There are 2 protein chains.
Amino acid sequence: MKTRRYCDNCPIRDRALCSGLSSPVAEALSRIAHFKHFPAGQVLQRSHQDLSWFAVIISGVAKLVKTLPDGRQQIVGLQFPADFLGRPFAVSSAFRAEATTSLLLCCFPKDAFENLLQQYPCFEGALLRHTLDQLDMARDWMFTLGRKTAQERMASLLFLIAERLARSGKQKASEEERIEFDLPLSRTEMADCLGLTHETVSRELRELRETGVIATRGRRTIILSHLGTLERLADCRQP
Amino acid sequence: MKTRRYCDNCPIRDRALCSGLSSPVAEALSRIAHFKHFPAGQVLQRSHQDLSWFAVIISGVAKLVKTLPDGRQQIVGLQFPADFLGRPFAVSSAFRAEATTSLLLCCFPKDAFENLLQQYPCFEGALLRHTLDQLDMARDWMFTLGRKTAQERMASLLFLIAERLARSGKQKASEEERIEFDLPLSRTEMADCLGLTHETVSRELRELRETGVIATRGRRTIILSHLGTLERLADCRQP
DNA sequence: CGCGTGGTTGATCGGATTCAACATCGGTGG
DNA sequence: CCACCGATGTTGAATCCGATCAACCACGCG
């Protein structure tokens, strides 16, 4: 049937939640799935409002944001292709979800999805593994926010995006591989990821360009010829 | 049998992973459990070394720390009574676990624990819910690290500890409830939670004392007469 | 008692913010 | 087509918050 055919050519089939599931679960899941497209900037889910669906990102990038009335903002999660969106077992999420690029989602109605979780333990297990990975990543990022300098933070974000976006699915990066990608975030959004101001992001980007760690084309394109140098900076090893 | 009797008087019975489990699971779990005591400062698990057990905290507080060779440290998780310790489905954790106070753990051998997860879906579900909660808390703390001032951070930490330690299990705090508790962390550890230096922690504590938000006795005891004021500060609402 | 660790306080410094001006891009309509 | 506009990004100068460096204090312990 139709949804099943979609799954067969799904570009994230090998990495998403649904990969590695036994075929009855995968089929049940595909039967409740529907694709949905969102333009960049669209709010997917307001904080503290009830969420009626979950999703897996097919393509594009979404941000999870915590905003205060006084205007302070922090991006607390960047979700890339194959990542999961939504907060199971809660009526709402404490964070706002928003598309930072044009986004294609594979959506599941909340109730049907939670029924499947109930019904198929291996599916719940897959979600648990994904959540544990997200928790590890969140904690790693806490170090970035608490202890790194502006330059190290900038390098960390660029490295993260390079890994998740440009090299998605590929094995260990080679030191000298040439990588080129478009930033899925504006300067202000990068600042909101890093706990910095957009002016500082702009300055640090220039610094990285002037020291030859990165090259740029236009406002959004980043070119990395020495991924290793960027990684060392991100990991706070000077050379 | 012996372990079962322990569970009956377990002080965290109502909140831990094992609460709400069907009785066959709870019994199976109690059969593989053993108590273990650790003094303050003891390392429970080194980062990147394999972990042979999981645990639930009965009493005391543990920290999860990420440390760099150059000495920079960040506490990426504080675990209180009823919290879970360990990283299922991975050979090791990226973080070091350490007792910040004297600690009593209810430990489970890794293999037996993972077998039970496999065997009892409702148990896996309980762990999933706990992990999702931890992820929400980690993301909330990312805002604290990225966007709050030193004073707001200090207030956030004190409020967190008051909620989790002194008022554990009780319902919504009343504005005027008097709360007194001992800090489970040294000044340096608080600094490592907050992305600050221990000098700044010391200064901000003095500031909070001088403005009447908190009172102190000795070096470790905090007395709160207006929990609401502290919460407002922590949530970045000035009054 | 002397010593070491943990905590406090003060003086100075510096990295990131703030404020302000200007540049660039993309889109729209005359 | 290009003049105009707003949104986004860059750059510079001044400021400030928290870090750093250094001295001192308080407590616990052999």
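Letters go in sequence order (proteins before strands), and every chain restarts at 1. This structure is a prediction, so every number in the text was calculated from the model and none was measured.
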Enquirer: Nearest of dG12(D), dT24(C), dG6(C) to any side-chain atom of R219(A)?
Expert: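 Closest nucleotide among those given: dT24(C).
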Enquirer: How long is the line joining NZ of K148(B) and P of dG18(D), in whole Å?
Expert: 14 Å
Enquirer: Does a nitrogen or oxygen in the side chain of T200(A) sit under 4.0 Å from OP1 or OP2 of dA16(C)?
Expert: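 Answer is no, no contact under 4.0 Å.
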Enquirer: With salt bridge (Lys or Arg N to Asp or Glu O under 4.0 Å) as the criterion, how do R217(A) and E180(A) come out once you've worked through the C-alpha distance, each side chain's angles and the decisive distance to 0.1 Å?
Expert: CA-CA 10 Å; R217(A) 182 153 30 78; E180(A) 179 173 330; 2.2 Å; yes
Enquirer: Starting at atom CD of E199(B), determine the distance to atom P of dG10(C), rounded to an integer number of angstrom.
Expert: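 That distance rounds to 14 Å.
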Enquirer: Between C1' on dG15(C) and CD on E152(A), what's the gap in Å once rounded to a whole number?
Expert: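 Atom-to-atom, E152(A) to dG15(C), this comes out as 12 Å.
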Enquirer: Under a 4.0 Å N-O cut-off, is there an ion pair linking D50(A) with K110(A)?
Expert: no
Enquirer: Would you indicate which nucleotide in dG10(C), dT11(D), dG18(D) comes nearest to any side-chain atom of E204(B)?
Expert: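 The answer is dG18(D).
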Enquirer: Below 30° counts as parallel, above 60° as perpendicular, anything between as tilted: where do the rings of F38(B) and W53(B) land?
Expert: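 Judged by the thresholds at 30° and 60°, the geometry between F38(B) and W53(B) is parallel.
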Enquirer: Which comes earlier along DNA chain C counting from the 5' end, the contact point of L196(A) or that of L205(B), where each point is its nearest nucleotide?
Expert: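 Counting from the 5' end, the first nearest nucleotide belongs to L205(B).
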Enquirer: Tell me whether R87(A) is salt-bridged to D133(B), with the criterion being a basic N under 4.0 Å from an acidic carboxylate O.
Expert: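 Yes, this pair counts.
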Enquirer: Which is true for G195(A) with a 4.0 Å heavy-atom rule: it touches a base, it touches only sugar-phosphate, or it touches nothing?
Expert: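 Result for G195(A) = sugar-phosphate.
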Enquirer: Quick one: H198(B) NE2 to dT8(C) C1', roughly how many Å, whole number?
Expert: 10 Å
Enquirer: Below 4.0 angstrom from OP1 or OP2 of dT8(C), is there any side-chain N or O of R187(B)?
Expert: yes
Enquirer: Can you tell me the distance, in whole Å, between the CZ atom of R203(A) and the P atom of dG9(D)?
Expert: 15 Å
Enquirer: Check the distance between dA16(C)'s C1' and M154(A)'s CE and give it to me in whole angstrom.
Expert: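 My rounded result for the distance is 15 Å.
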Enquirer: Between M190(B) (CE) and dG6(C) (P), how many Å, whole number?
Expert: 13 Å
Enquirer: Look at T197(A) and dT17(C) and indicate whether a side-chain polar atom (N or O) is within less than 4.0 Å of OP1 or OP2.
Expert: yes
Enquirer: Rounded to the nearest Å, what distance is computed from the CZ atom of residue R147(A) to the C1' atom of nucleotide dG15(C)?
Expert: 15 Å
Enquirer: Between Q49(B) and S92(B), does any side-chain donor sit less than 3.5 Å from a side-chain acceptor?
Expert: no
